[in-house]
A.B. asks: 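Once you've had a glance at the structure underneath, I'll fire off some questions.
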Amino acid sequence: MIISLHPINPEKRKLQQISEDLLEGKVFIFPTDTVYALVADSQSKLGVEKLYELKNIPKNQPLSLLCPSISIASNYIEYLPNEAFRLMKKLTPGPFTFIIRANKNLPRVSFSNQKEKQIGIRIPDAIYLQELMKIHPNPLTSTSVFANDEFIIEVDSLEEIYGSRVEGIIDGGIVAVELSTILDVTGDEIVVVREGKGSDLL
């Protein structure tokens, strides 16, 4: 099912229903500031298991934690050097994934299968996700959408492939295939793991 939201003022009623569905373990596809992503509630065992099933990836493959702000993300960070904090403040919200050392607050449902307590946190500059996270009680767990090793860039193709397998697909139009820039901030030096969208701002 394709769901249309107002591009400037997304309807709170629709977002509230999506939030309730996520809490029940349902999965949605959202446009991000990079590519389309599968999204589940980070505390929902049912939802997170479905992410792995839909993506057809092993359960030890890392997923991303989506947060609405640095202040929320800080609840899950064990250690963040001052330089990394300043960079995060400068670059977010935006198309960046920060690999961080996680603390004991990390949602075990989403990340219990990872050997090292390091996760990728994203604070996306995407209005539908940002507005959803304002009302949703938990961070979201996500992974990018692709089929046959290709990213899917438009909503009709998403509906054809995933329409019967997810609760809804949020219409974000055609997106460019631009991956996030990945920054490892687990140590005292910031390491660029992957250059992607926004890397010119570094």
A.B. asks: Test side-chain contact (heavy atoms from CB on, under 4.5 Å) on F85 and I70; report intermediate values, then the result.
C.D. replies: CA-CA 9 Å; F85 173 77; I70 294 176; 3.8 Å; yes

A.B. asks: Who are the side-chain hydrogen bond (donor to acceptor under 3.5 Å, both in side chains) partners of Q17, not counting sequence neighbours?
C.D. replies: D21

A.B. asks: Supply the atom-to-atom distance D41 CG to I18 CD1, rounded to the nearest 0.5 angstrom.
C.D. replies: 13.5 Å

A.B. asks: I'd like a table of donor-acceptor pairs (distance under 3.5 Å, sequence neighbours excluded) in which one partner is a side-chain atom from residues 159-168, with atom names and distances.
C.D. replies:
from	atom 1	to	atom 2	distance (Å)
E159	OE1	M1	N	3.1
Y162	OH	F146	O	3.2

A.B. asks: Looking only at heavy atoms, what is the nearest atom pair of S74 and S71, with distance?
C.D. replies: OG-O, 2.6 Å

A.B. asks: For residues R122 and T34, determine if any side-chain heavy atom of one lies less than 4.5 Å from a side-chain heavy atom of the other.
C.D. replies: yes

A.B. asks: Start with the C-alpha gap between V192 and L183, add the side-chain angles, then the distance that decides, and say whether side-chain contact (heavy atoms from CB on, under 4.5 Å) holds.
C.D. replies: CA-CA 5 Å; V192 179; L183 303 170; 3.8 Å; yes

A.B. asks: Heavy atoms, side chains only, cut-off 4.5 Å: are S144 and S64 in contact?
C.D. replies: no

A.B. asks: Rounded to the nearest 0.5 Å, what's the gap from CD on E131 to OG on S19? Could you check?
C.D. replies: 13.0 Å

A.B. asks: Looking at Y128 and I170, would you say the former's side chain and the latter's main chain have a donor-acceptor pair under 3.5 Å?
C.D. replies: no

A.B. asks: CD1/I121 to CD1/I99 distance, rounded to the nearest 0.5 angstrom?
C.D. replies: 11.0 Å

A.B. asks: Please tell me if the side chains of L140 and F30 come closer than 4.5 Å, counting only heavy atoms from C-beta onward.
C.D. replies: no

A.B. asks: Is there a donor-acceptor pair closer than 3.5 Å between any side-chain N or O of Y36 and the backbone N or O of V145?
C.D. replies: no

A.B. asks: Residues two or more places apart in sequence or in another chain: which of them pass side chain to side chain contact (heavy atoms under 4.5 Å, CB included) with E53?
C.D. replies: none

A.B. asks: Would F28 end up clustered with L54 when hydrophobic side chains under 4.5 Å apart are linked, directly or stepwise?
C.D. replies: no

A.B. asks: So, does K14 use its side chain to make a donor-acceptor pair with the main chain of S4 at under 3.5 Å?
C.D. replies: yes

A.B. asks: State, yes or no, whether a side-chain contact exists between S42 and L65 at a heavy-atom distance under 4.5 Å.
C.D. replies: yes

A.B. asks: The criterion is side-chain hydrogen bond (donor to acceptor under 3.5 Å, both in side chains); which residues satisfy it with S142, sequence neighbours excluded?
C.D. replies: none

A.B. asks: Decide whether V35 and L129 are clustered together by the hydrophobic rule: side chain heavy atoms of Ile, Leu, Val, Met, Phe, Trp, Tyr closer than 4.5 Å, transitively.
C.D. replies: no

A.B. asks: Indicate, with yes or no, if I127 and I174 share a hydrophobic cluster defined by side-chain heavy-atom contacts under 4.5 Å among Ile, Leu, Val, Met, Phe, Trp and Tyr.
C.D. replies: no

A.B. asks: Restricting to side chain to side chain contact (heavy atoms under 4.5 Å, CB included), what partner residues turn up for T143, sequence neighbours left out?
C.D. replies: L38, K55, L63

A.B. asks: Measuring from atom CG of N56 to atom CD of Q61, what distance do you get when rounded to the nearest 0.5 angstrom?
C.D. replies: 10.0 Å

A.B. asks: For S157, check side chain to side chain contact (heavy atoms under 4.5 Å, CB included) against everything at least two apart and list the hits.
C.D. replies: I152, E154

A.B. asks: Can you name the salt bridge (Lys or Arg N to Asp or Glu O under 4.0 Å) partners of K12, sequence neighbours left out?
C.D. replies: none

A.B. asks: Flag the pair P124 / M133 as yes when at least one side-chain heavy-atom distance between them is below 4.5 Å, and no otherwise.
C.D. replies: yes

A.B. asks: side-chain contact (heavy atoms from CB on, under 4.5 Å) for D156 and I2? Distances and angles first, verdict last.
C.D. replies: CA-CA 8 Å; D156 288 337; I2 297 175; 3.9 Å; yes

A.B. asks: Does a side-chain heavy-atom distance below 4.5 Å link L23 with N138?
C.D. replies: yes

A.B. asks: Can I get a per-line list of side-chain donor-acceptor pairs under 3.5 Å for residues 75-84, giving both atom names and the distance, sequence neighbours left out?
C.D. replies:
from	atom 1	to	atom 2	distance (Å)
N75	ND2	I72	O	3.4
Y79	OH	D188	OD1	2.5

A.B. asks: Taking side chain as C-beta onward, heavy atoms only, is L87 less than 4.5 Å from F96?
C.D. replies: no

A.B. asks: Between atom OG1 of T181 and atom CZ of F98, what is the distance when rounded to the nearest 0.5 Å?
C.D. replies: 9.5 Å

A.B. asks: Hydrophobic clustering (ILVMFWY, side-chain heavy atoms < 4.5 Å, transitive) - are I123 and I190 grouped together?
C.D. replies: yes

A.B. asks: Where is the tightest heavy-atom contact between A40 and L22, given as atom of each residue plus distance?
C.D. replies: CA-CD2, 3.9 Å

A.B. asks: Got D171 and L5 here, is their nearest side-chain heavy-atom distance under 4.5 Å?
C.D. replies: no

A.B. asks: Is there a side-chain contact (heavy atoms from CB on, under 4.5 Å) between F151 and V175? Walk through the geometry before answering.
C.D. replies: CA-CA 10 Å; F151 289 99; V175 300; over 6 Å; no

A.B. asks: How would you list, by chain and number, every residue that makes a side chain to side chain contact (heavy atoms under 4.5 Å, CB included) with N9, sequence neighbours excluded?
C.D. replies: H6

A.B. asks: Taking side-chain hydrogen bond (donor to acceptor under 3.5 Å, both in side chains) as the definition, give me every residue that meets it alongside D125, ordered by chain and number, with sequence neighbours left out.
C.D. replies: none

A.B. asks: Return the CD1 to CG distance between I135 and L15, rounded to the nearest 0.5 Å.
C.D. replies: 5.0 Å

A.B. asks: Looking at K26 and E24, is any side-chain nitrogen of the basic one under 4.0 Å from a carboxylate oxygen of the acidic one?
C.D. replies: yes

A.B. asks: Can you list everything that forms a side-chain hydrogen bond (donor to acceptor under 3.5 Å, both in side chains) with K90? Sequence neighbours excluded, please.
C.D. replies: none

A.B. asks: Are I3 and I29 connected, step by step, through hydrophobic side chains (Ile, Leu, Val, Met, Phe, Trp, Tyr) whose heavy atoms are closer than 4.5 Å?
C.D. replies: no

A.B. asks: Ignoring hydrogens and angles, write down the donor-acceptor pairs under 3.5 Å from the side chains of residues 193-202, residues two or more places apart or on other chains.
C.D. replies:
from	atom 1	to	atom 2	distance (Å)
R194	NE	S180	O	3.0
R194	NH2	S180	O	2.9
R194	NH2	S180	OG	3.2
K197	NZ	D33	O	2.6
S199	OG	G196	O	3.0

